[in-house]
Amino acid sequence: MLFSNIDHLVLGVDRALRVVSGQALARRPSPAQAVRENSLSDQEKRLSAGLMRVNHVGEICAQALYDAQAQFTNTAAISQQFTHSGIEEEDHLAWSAQRIAELNSRPSLLTPLWYVGAYVCGTIAARCGDATSLGFVVETEKQVAAHLASHLEKLPVEDSKSRAIVEQMRQDEIAHGAAALALGASDLPLPVKATMRAMAKVMTTTAYYI
């Protein structure tokens, strides 16, 4: 059943508070749970922590995007898909936060800013209509999957736990994009795709350090 705007507002506020306060809830066990922790040098830990912090920020943005897009669609199937994808993204958020703590590091200090900015982007995409909103998801997930693939190349070989998390995240992002495409996504104009890549570059570069 399609949620009312009030339902979405209440659920959205609850998720936003969990995201910003670092209280995300994972419904699936972390892929790293059954993976042995290998010894890492201080330099390797810093590298892994920086990359996982970037991934954590990406999941904060994903929560905001899906929350906004689910709230402003009038199509039940699309709302349900956005909600489902958002739940899996919250798994990613919790997994990456846990891994950052294990690496003796911290999440980005700009978490509220990332959430608000992404929510605005999601709202704009949703207001442009379902086809465009779904197209935004397809392009976002395509870029995120490629970004995660690059992290698999950059992460220390011995950091099996982080690598297990990133690989599962990558698989989920591909599935989210495919689901949006199947629901009738339109292809975004090239300038929009280029702008999305530029914004992502600023976010990932900043989040690695701050």
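Throughout, numbering of the chain's residues begins at 1 and tracks the sequence.
Within the 4.5 Å cutoff, side-chain heavy atoms of Val166 are placed close to those of Asn55. At a threshold of 4.5 Å between non-hydrogen side-chain atoms, the residues Phe136 and Val192 do not count as touching. Taking 4.5 Å as the limit, some side-chain heavy atom of Ile165 sits within range of a side-chain heavy atom of Ser30. Here the side chains of Ser133 and Phe82 are in contact, with some heavy-atom distance below 4.5 Å. In this structure, Met196 and Thr140 have side chains that are in contact, with non-hydrogen atoms separated by less than 4.5 Å.
With hydrogens and angles left out, the side-chain atoms of Gln171 and Glu167 include a donor and acceptor closer than 3.5 Å. Side-chain atoms of Ser162 and Arg99 include a donor-acceptor pair closer than 3.5 Å. Counted by atom type alone, Gln81 and His84 present zero donor-acceptor pairs between their side chains at under 3.5 Å. A side-chain donor-acceptor contact under 3.5 Å links Arg36 and Asn38. Side-chain contact of Asp67 with Gln71: a donor-acceptor pair under 3.5 Å is absent, judged by distance alone.
For Lys45 and Glu37, the salt-bridge test fails: no basic side-chain N is under 4.0 Å from an acidic carboxylate O. Salt-bridge formation is not detected for the pair Glu173/Arg170: no Lys NZ or Arg NE/NH1/NH2 atom is positioned less than 4.0 Å from an Asp or Glu carboxylate oxygen. Taking a cutoff of 4.0 Å between a charged side-chain nitrogen and a carboxylate oxygen, Glu90 and Arg27 qualify as a salt bridge. No salt bridge links Asp159 with Lys154; every basic N to acidic carboxylate O contact stays at or beyond 4.0 Å.
Nearest heavy-atom pair, Gly122 versus Ala68, reported as atom, atom and distance to 0.1 Å: C-CB, 3.7 Å. Residues Ser79 and Ala70 come closest through the heavy atom pair OG-O, 3.8 Å. Taking both residues in full, the closest heavy atoms of Glu44 and Ser39 are given as OE1-O, 4.4 Å, listed atom of the first, atom of the second, then distance. Across every non-hydrogen atom of Ala125 and Gln69, the tightest pair is CB-NE2, 4.3 Å. Ala64 and Tyr115 make their closest contact through CB-O, 3.3 Å (heavy atoms, listed as atom of the first residue, atom of the second, distance). Across all non-hydrogen atoms, the minimal contact from Phe72 to Ala126 is CB-CB, 3.6 Å.
For the atom pair Lys142 NZ and Leu188 CG, the distance stands at 10.5 Å (nearest 0.5 Å). Atom-to-atom distance recorded for Ser150:OG and Leu155:CG is 9.0 Å, nearest 0.5 angstrom. Note that the CE atom of Met52 and the CD1 atom of Ile100 stand 6.5 Å from one another [nearest 0.5 Å]. Once rounded to the nearest 0.5 Å, the distance linking CD of Glu153 with CG of Leu148 reads 12.0 Å. One distance of note links CG of Leu51 with CG of Leu103; it measures 10.0 Å at 0.5 Å rounding. Atoms CD and CD, on Glu59 and Glu88 in that order, are 10.5 Å from each other to the nearest 0.5 Å.
Ser108 places a side-chain N or O within donor-acceptor distance of the main-chain N or O of Ile210, the cut-off being under 3.5 Å. In this structure a side-chain-to-backbone donor-acceptor pair under 3.5 Å is missing from Thr206 to Met203. Panel note: side chain Thr73, backbone Thr75; a donor-acceptor pair is recorded below 3.5 Å. Checked by atom type and distance alone, the side chain of Ser96 pairs as donor or acceptor with a backbone atom of Leu93 at under 3.5 Å.
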With side-chain contact (heavy atoms from CB on, under 4.5 Å) as the criterion, how do Cys121 and Met199 come out once you've worked through the C-alpha distance, each side chain's angles and the decisive distance to 0.1 Å? CA-CA 11 Å; Cys121 290; Met199 292 173 64; 3.8 Å; yes
Does the side-chain contact (heavy atoms from CB on, under 4.5 Å) test come out yes or no for Gln43 and Leu47, once each step is laid out? CA-CA 6 Å; Gln43 182 178 2; Leu47 173 59; 5.8 Å; no
In sequence, state the C-alpha distance, the side-chain angles, and the governing distance for Glu139 and Gln143, and then conclude on side chain to side chain donor-acceptor pair (under 3.5 Å). CA-CA 6 Å; Glu139 181 60 26; Gln143 293 187 19; 2.8 Å; yes
Show, in sequence, the C-alpha distance, side-chain angles and deciding distance for Arg53 and Arg106, and conclude whether the side-chain contact (heavy atoms from CB on, under 4.5 Å) test is met. CA-CA 7 Å; Arg53 181 162 47 249; Arg106 52 153 182 82; 3.8 Å; yes
Decide yes or no on side chain to side chain donor-acceptor pair (under 3.5 Å) for Gln168 and Asp172, but give the supporting numbers first. CA-CA 6 Å; Gln168 184 60 56; Asp172 288 346; 3.0 Å; yes
List the steps, then state whether side chain to side chain donor-acceptor pair (under 3.5 Å) holds for His92 with Glu89. CA-CA 5 Å; His92 301 173; Glu89 300 288 358; 3.2 Å; yes
Just do the side-chain contact (heavy atoms from CB on, under 4.5 Å) check on Val54 and His151 with the steps written out, would you? CA-CA 10 Å; Val54 170; His151 277 199; 4.1 Å; yes
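Trp114 and Tyr209 fall within the same hydrophobic cluster, defined by Ile, Leu, Val, Met, Phe, Trp and Tyr side-chain heavy atoms under 4.5 Å apart, directly or through other members. Taken together through direct or relayed side-chain contacts under 4.5 Å among Ile, Leu, Val, Met, Phe, Trp and Tyr, Val57 and Tyr208 form part of one hydrophobic cluster. By the rule that hydrophobic residues join a cluster once side-chain heavy atoms approach within less than 4.5 Å of another member, Leu134 and Tyr66 end up as members of one cluster.
Sorted by first then second residue, the ring-ring contact (aromatic ring centres under 6.0 Å, His included) pairs that include residues 160-201, not counting sequence neighbours, number zero.
With a 6.0 Å radius and a threshold of 12 heavy atoms from other residues, nucleotides or ligands, Lys193 has its NZ atom above the threshold.
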